[in-house]
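Okay, structure first, notes after.
Counting starts at 1 for both ligands and their atoms, in listed order.
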Amino acid sequence: MTEPAYDLLIRGGRVATVSDVFEADVAISGESIVAIGRGLSGARREIDARGKLVLPGGVDSHCHIEQLSAAGIMNADTFESATVSAAFGGTTSVISFAAQHVGMKLPQVLEDYHALAKKGAVIDYAFHMIIADPTKETLETDLPALIKQGHGSIKIFMTYDRLKIDDEPLLDILLAARDGGAMLCAHAENHGIISWMVKRLLARGYTHPKYHAISHARVSEAEAFTRLIGMAALIDQPIMIFHVSTAEGAKVIRDARGQGLKVFAETCPQYLFLTADDLDKPGAEGAKWMCSPPPRRAADQEALWQALALGDLQTISSDHAPYRYDETGKLRAGPNPSFKQVANGLPGLEVRLPLLFDSMVSKGRLGVEKFVDLTSTAPAKIYNLHPRKGSIAVGADADIAIWDPVREVTLSDDMMHDLAGYTPFAGRKLRGWPVTVLSRGRVIVNDGKRSVEAGSGRFLARSGGEAAKPTGRLVSDMDPEQNFGARLL
Ligand code: DUC
Ligand code: ZN
Ligand code: ZN
């Protein structure tokens, strides 16, 4: 008897990549894709994918897992629950955060998050390092060593009382990122505008969750983007701007990219499918839809779709940040909290891809190739996980989601696998569902059933890679008046 050529064959599906959709069998041996073609045979096991779409598993490059919020509230999820919910939604890699708070040593922070993920994760993972305390030791000793250990991206907040980084230390961090070759990701909103608005709203008794959206005045986004982009250009450090929510914000990014600056940007399903009106519910209920930045208007949704189509925004992540609608989470300050007392964030790891598949593939908005790009290939490339992740190609990890394009599912709270206890998208009827999901060749979800052990996900060590490389063109070179600036770096 001859040995089977492959461990597993996904037979007869339509494979989609960023550039093509074609009928092919996908053969897997061990953890990798080893052949793609028609009429392959000789495998220990087969999956019949006729009538299905065979896509690279999703890469969710912005999700908060087992993380303490700015206000010291723990997320509802563990690495196990979060990554299981990701897997049920077709996502096979996550980049979550190792979050420093003031006074914490960064190496210890990384060690702690690694221990949590190693114990619980069922899919592969990497970390963005959040810097909230940019001491000399953090920037000059710890950060360079941790980047070399495979943490190729940093995140900073320009707002939140306990996390925010002011302009001068931000320049220090941008320079440290450049020296280490790491990507710099940012939550960019103007802190002063938001806290000024919050104080005035609360002083006048406007405490309902809907005022959260008003407190994050639209200009706070475009202003912070402009300031961050200016500082990054001064240093020549590539940046990723997280969760773009407004048309004006998207325009700032378009203009910067038009000038040749290395500015990347993402948006999230909440800015494409929700609006500020979702926060306007009786009592405190609107807290379930509270995130920062807040969902905006229908016109912003259109502007964001346009920015995605044009390539101004390159990725769509979930910004999964789950808090239960009870005294452990959203209602920690009581049943009728002011909007300022409510933890910011929405669960979204599980529904990110189904929401986008329905819109982009089933309803035809931008198509399946762009869906694959925005949700898998582009984040894998930007964060230097590609071609191992984000691709159906020979040699890539066999991280695959097999989608039934005609299955109809109505989202409900109780079908979610995370621990938030609700989905902000409940009641939406979607067409298209990931029925079988593979991580490194293992079937981890099939037809609504989990078949993967906690702790079997692996850490993805990565450098900053190509996207994080400076352009070599300093702002000071573009403006002879400022030429002296280059000597200060
Ligand atoms: N805003 C953040 O900045 N992070 C987590 C979730 C949120 O709403
Ligand atoms: Zn954020
Ligand atoms: Zn976030």
Problem - Gln108 and Asp112: side chain donor to acceptor below 3.5 Å - result: yes
Exercise for the section: Would you please say whether a donor-acceptor pair under 3.5 Å links the side chains of Thr159 and His191? Expected result: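 Per modelled atom types, Thr159 and His191 side chains form a pair under 3.5 Å.
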Practice task
Kindly compute the distance separating CH2 (Trp196) from OG (Ser215), expressed to the nearest 0.5 Å.
Solution key: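 Rounded to the nearest 0.5 Å, the CH2-OG separation comes to 12.5 Å.
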Practice task
Check each heavy atom of Cys291 against ligand 1 and say whether those closer than 4.0 Å belong to the side chain, the backbone, both or neither.
Solution key: both
Practice task
For ligand 1, note which part of His64 has a heavy atom under 4.0 Å away: side chain, backbone, both or neither.
Solution key: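 Answer for His64: side chain.
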Handout entry: Identity and separation of the nearest protein heavy atom to atom 2 (C) of ligand 1
Key = Tyr160 OH, 3.3 Å
Handout entry: Identity and distance of the protein heavy atom lying nearest atom 8 (O) of ligand 1
Key =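 Protein heavy atom at minimum distance: Ser292 N, 2.8 Å.
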Practice task
For the pair Arg218 and Glu221, find out whether any cationic side-chain nitrogen is under 4.0 Å from an anionic carboxylate oxygen.
Solution key: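 Salt bridge absent between Arg218 and Glu221.
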Handout entry: NZ/NE/NH1/NH2 to OD/OE distance under 4.0 Å, Arg365 and Glu302
Key = yes
Exercise for the section: Can you spot which of Lys363, Lys429, Arg431 makes a side chain to side chain donor-acceptor pair (under 3.5 Å) with Asp358? Expected result: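 That would be Lys363.
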Problem - the Zn ion (ligand 3) to nearest N/O/S of His64 below 2.8 Å - result: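 So His64 counts as coordinating the Zn ion (ligand 3), yes.
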Practice task
Indicate if the distance from the Zn ion (ligand 3) to the nearest N, O or S atom of Cys63 falls below 2.8 Å.
Solution key: no
Completion exercise
Checking distances from the Zn ion (ligand 3), one finds that the N, O or S atom of Asp319 closest to it is OD1
Practice task
Please indicate whether any nitrogen or oxygen in Lys155 is less than 3.5 Å from any nitrogen or oxygen in ligand 1.
Solution key: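 N/O-N/O distance below 3.5 Å does not exist for this pair.
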Exercise for the section: State, to the nearest 10 degrees, the angle whose vertex is the Zn ion (ligand 2) and whose arms point to ND1 of His187 and NE2 of His243. Expected result: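 It comes to 90°.
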Exercise for the section: Determine, using heavy atoms of Phe157 and all atoms of ligand 1, whether some pair is separated by less than 4.0 Å. Expected result: yes
